[in-house]
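To start, the structure under review is shown below, and the notes come after it.
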There are 2 protein chains.
Amino acid sequence: MPRAADVIKFGTFVVTSQVFHLTPLSYALVNLKPLLPGHVLVTPRRIVPRFNDLSAAEVQDLFMTVQRVSRTIERLFEASALNIAIQDGIDAGQSVPHVHAHIIPRKKDDLSNPDAIYAMMEGEDGDLGRQFQERDARAQLNSFEQRGKFPAVDADENRKPRTEEEMMKEADWLAKEMAKDAEKER
Amino acid sequence: MPRAADVIKFGTFVVTSQVFHLTPLSYALVNLKPLLPGHVLVTPRRIVPRFNDLSAAEVQDLFMTVQRVSRTIERLFEASALNIAIQDGIDAGQSVPHVHAHIIPRKKDDLSNPDAIYAMMEGEDGDLGRQFQERDARAQLNSFEQRGKFPAVDADENRKPRTEEEMMKEADWLAKEMAKDAEKER
């Protein structure tokens, strides 16, 4: 979606291939480990930790983007509702110090306990910082491995994040569907 | 805070005395039963259920208001972080069909389990619709009672919502502090 020349960072992590929507001040990205299908993030392009660090223009662009993205996500994932949430600061559960809004599509009885989504956000499965660190560590190990320096690392299927290819495929699909919805609005 | 002539509604509920900040398209109100001290709501003046029902002007005004309110709330309640959350639709836990953003000030170790705030939002203590219904039923009973038609209702101290007076006092305080912060920004 972004031009090949762009490198897009989420905090200190490169997320270029996960980005499916770019605006002048914000972007939207798919998750390494969505808590539910269609769980995506919308974030300002400028890397600042707190919501109150954002300028008026950034706040406006961010939530207009949340609105447009949530419309497409709700349609594609056949959801009837959405959780929209910002963990604004470490003591509110933020794990990557770069403002981001979670958009999580919901449907009736999608979780045996509807509260669970929040515990998931706060728990290990929602720890974005750790997931990105693991991803980067894995990539580094793989590159050592190819040079014959390290043995293969056992992949735990349950904890395995999605591959770059899986995420790029989803990002491409979402980008196309966002364009369709933008066309309809005209 | 609002002029005496204004009647402000949150969904079908009259909340005039709880309102501490009014903008052209949004307002902020204190809670009957805050989940943590300083837990407030910001909502558009127009009563619509879903985030995607809001116009661009409403989205912008709503989140500029969230930003201003959250700054004052974080300062007054000596918080280090905030949860900002919209339960957008019934299947995401929304109990009053009127778009609203929760702002919940957080500090280190404020809850023995940090996840608990979300379970609280989704549980009975976070069921705003029920709380307002109880409040209105209680007011109706009290008015019958004063006419000698009903016996007094036992108040359960644990479940007792704050009184109008308590909420008005907090709303007045927050309105004054919001004005101070607005003054500083000039």
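Chain letters run A, B, ... following the sequence lines, proteins first and then strands; every chain starts at 1.
- For B/Glu183, the salt bridge (Lys or Arg N to Asp or Glu O under 4.0 Å) partners at least two apart in sequence or on another chain are B/Arg186.
- Considering every non-hydrogen atom in both A/Arg106 and B/Asp91, the closest pair reads CB-O, 3.6 Å.
- Proximity to chain A among residues 76-88 of chain B is limited to B/Ser80, B/Ala81, B/Leu82, B/Asn83, B/Ile84, B/Ala85, B/Ile86, B/Gln87, B/Asp88, judged by heavy-atom separations below 4.5 angstrom.
- Hydrophobic clustering places A/Val69 together with A/Trp173 (ILVMFWY residues linked when any side-chain heavy atoms are closer than 4.5 Å, directly or through intermediates).
- Under the rule for a salt bridge (Lys or Arg N to Asp or Glu O under 4.0 Å), the partners of B/Lys180 that lie at least two apart in sequence or sit in another chain are B/Glu177.
- Within a 6.0 Å radius of CE in B/Met168, other residues, nucleotides and ligands contribute 12 heavy atoms or fewer.
- For the set B/Ser70, B/Ala92, B/Pro105, the count of heavy-atom pairs under 4.5 angstrom toward chain A peaks at B/Ala92.
- Listed in order of number, the residues of residues 39-56 of chain A that approach chain B to under 4.5 Å between heavy atoms are A/Arg50, A/Phe51, A/Asn52, A/Leu54, A/Ala56.
- Here B/Asp61 contributes atom CG and A/Gln60 contributes atom CD; the two are 9.5 Å apart, rounded to the nearest 0.5 Å.
- For B/Lys108, the parts lying under 4.5 angstrom from a heavy atom of chain A are both the backbone and the side chain.
- For B/Gln94, no part lies near chain A; criterion is any non-hydrogen pair under 4.5 Å.
- A single hydrophobic cluster is not seen to contain both A/Leu25 and A/Tyr27; linkage of ILVMFWY side chains at heavy-atom distances under 4.5 Å, directly or through other members, places them apart.
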